[in-house]
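The structure appears right after this line, and notes come after that.
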Amino acid sequence: SSLRPADELARLGGDEFAIMIPSLESRAELEVLASRLVEAVVKPYEIDGYQIRTSISIGIAIGPDDGNSADDLLIAADLALYAVKAGGRGSYKFYQSSMSKEFNERRQIEIDLREAIERNELELYYQPIVDLRRKVITGFEALVRWHHPVNGVVAPVTFIPVAEDSGLILPLGEWVLAEACRSAAKWPNDFKIAVNLSPVQFSDPNLLSTIERMLAETDLAPNRLELEITERIFMDSGEVTLTTLRRLKQLGIRISMDDFGTGYSSLSYLRSFPFDKIKVDRIFVSDLGEGTEHMVIVQAVVSIANALGMTATAEGVETDEQRQILVGLGCDEAQGYLFGCPVPIAEVSEVIDKWATVKTLAA
Ligand code: C2E
Ligand code: MG
Ligand code: MG
């Protein structure tokens, strides 16, 4: 009903549709149509007495500039659609040539990454997490690094999203888990090992059994493994994810909420699952001491964590002033360059030794 008689609507498959608009006066006209479609679709439906909400993302390509054939136009529209989804869905975007460039770069990363996993170009770095009151290491977070043969070290922010989109995160994530458990099992103390899990890994029906197998194979006590998830996990998935989380917790594994405060409706997510730890994102830590409202936010998160029996861990602590403020706020743990940068496995024992001395001095 939003379309004109000459416009053509087709279903491409699944939940994908295409609209062909044969004659067009201006781009503005398309903007009006796109907003109208977005508004029409987000209106809640009532089905069998339930309110159902959905959303729509629209990519727009205009011939002949964006493509001369139907195929090329569909590809361009698809790239624009992809950009909408990456930006948070529920909106529309026009195709731009930069989207092709970005797409090709991502394709190349995907091709290289597939090989990297087979060629063992991935390595785990370990960053200490310390107890602020006792001044001891409580564990390490495993952070993946990619040694690209041409481009050098590639940061996870560049390749994790590509790995998630391409499904490569499943073999990659499995490798990270196995490697982290193997390393931690050899450490002299019962330090915890924190491993980041992508929401995409929760779509793998074998996730639980894989983790159980790794714990058994490495003989690592489940309560030494901490899985870090972000609020993103609750955006697309529902009950299945929660069930998996509960079963992981039943095994004795600890679950942390990572990057807390950067996603949406954080507080309701905290209620939906009994997390063991909240990691306060470094955005809030970075300007502590500069008289910003972030101090109040950190204080509030620490209070919530305390009240709910969770550990509060501050991320990205770089200065002693930040450390002192965090101690004052009653924050339990911290992680950051002030205490130690992520290091390769060979340097972990040095870090442990150094901290053992700190403890002796403090005592
Ligand atoms: P994250 O889990 O929040 O990890 C903390 C990030 O902050 C790490 O970046 C770490 O190097 C960095 N960092 C630590 N201390 C400081 C500090 O004092 N100052 C500043 N500016 N930064 C600090 P990294 O290693 O680049 O990782 C970025 C993100 O990539 C991680 O954020 C995590 O979400 C993701 N990631 C890393 N490894 C894995 C992995 O094995 N699997 C998955 N799914 N994601 C991973
Ligand atoms: Mg993390
Ligand atoms: Mg984090």
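What's counted below: heavy atoms across the whole structure, side chains too, no hydrogens, waters or symmetry copies. Whatever order the structure lists ligands and atoms in, that order sets their numbers, starting from 1.
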Return the residue, atom name and 0.1 Å-rounded distance of the protein heavy atom closest to [atom].
{"atom": "atom 42 (N) of ligand 1", "result": "Asn196 O, 3.5 Å"}
{"atom": "atom 35 (C) of ligand 1", "result": "Pro156 CB, 4.2 Å"}
{"atom": "atom 6 (C) of ligand 1", "result": "Leu143 CD2, 4.7 Å"}
{"atom": "atom 5 (C) of ligand 1", "result": "Glu315 OE1, 4.0 Å"}

Completion exercise
Result for side-chain contact (heavy atoms from CB on, under 4.5 Å) between Leu245 and one of Ile229, Leu197, Val240 points to Ile229
Exercise for the section: Name the orientation class of the two ring planes belonging to Tyr269 and Phe234 (parallel below 30°, tilted from 30 to 60°, perpendicular beyond 60°). Expected result: parallel
Is the closest heavy-atom distance from [X] to ligand 1 below 4.0 Å?
{"X": "Gln335", "result": "no"}
{"X": "Pro342", "result": "yes"}
{"X": "Glu141", "result": "yes"}

Exercise for the section: Return a yes/no value for Asp258: is any of its N or O atoms, backbone included, closer than 3.5 angstrom to an N or O of ligand 1? Expected result: yes
Practice task
May I ask you to check if ligand 1 and Val144 share an N or O to N or O distance below 3.5 Å?
Solution key: yes
Exercise for the section: Record the part of Asp259 in heavy-atom contact with ligand 1 below 4.0 Å; permitted values are side chain, backbone, both and neither. Expected result: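 For Asp259, the contact with ligand 1 is made by the side chain alone.
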Problem - Asp353 atom CG, neighbour heavy-atom count above 12 within 6.0 Å - result: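 It does: Asp353 CG has more than 12 such atoms within range.
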Practice task
Have a look around the Mg ion (ligand 3) and list protein N/O/S atoms under 2.8 Å, or say none.
Solution key: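 Counting only protein N, O or S atoms under 2.8 Å from the Mg ion (ligand 3), the list reads Asp258 OD1, Asp259 OD1, Glu315 OE1, Glu315 OE2.
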Problem - Residue Glu141 atom name (nearest to the Mg ion (ligand 2); N/O/S) - result: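 It is OE2, the N, O or S atom of Glu141 closest to the Mg ion (ligand 2).
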Problem - Shortest reach to atom 23 (C) of ligand 1 by a heavy atom, considering only Tyr125, Tyr337, Phe339 - result: Tyr337
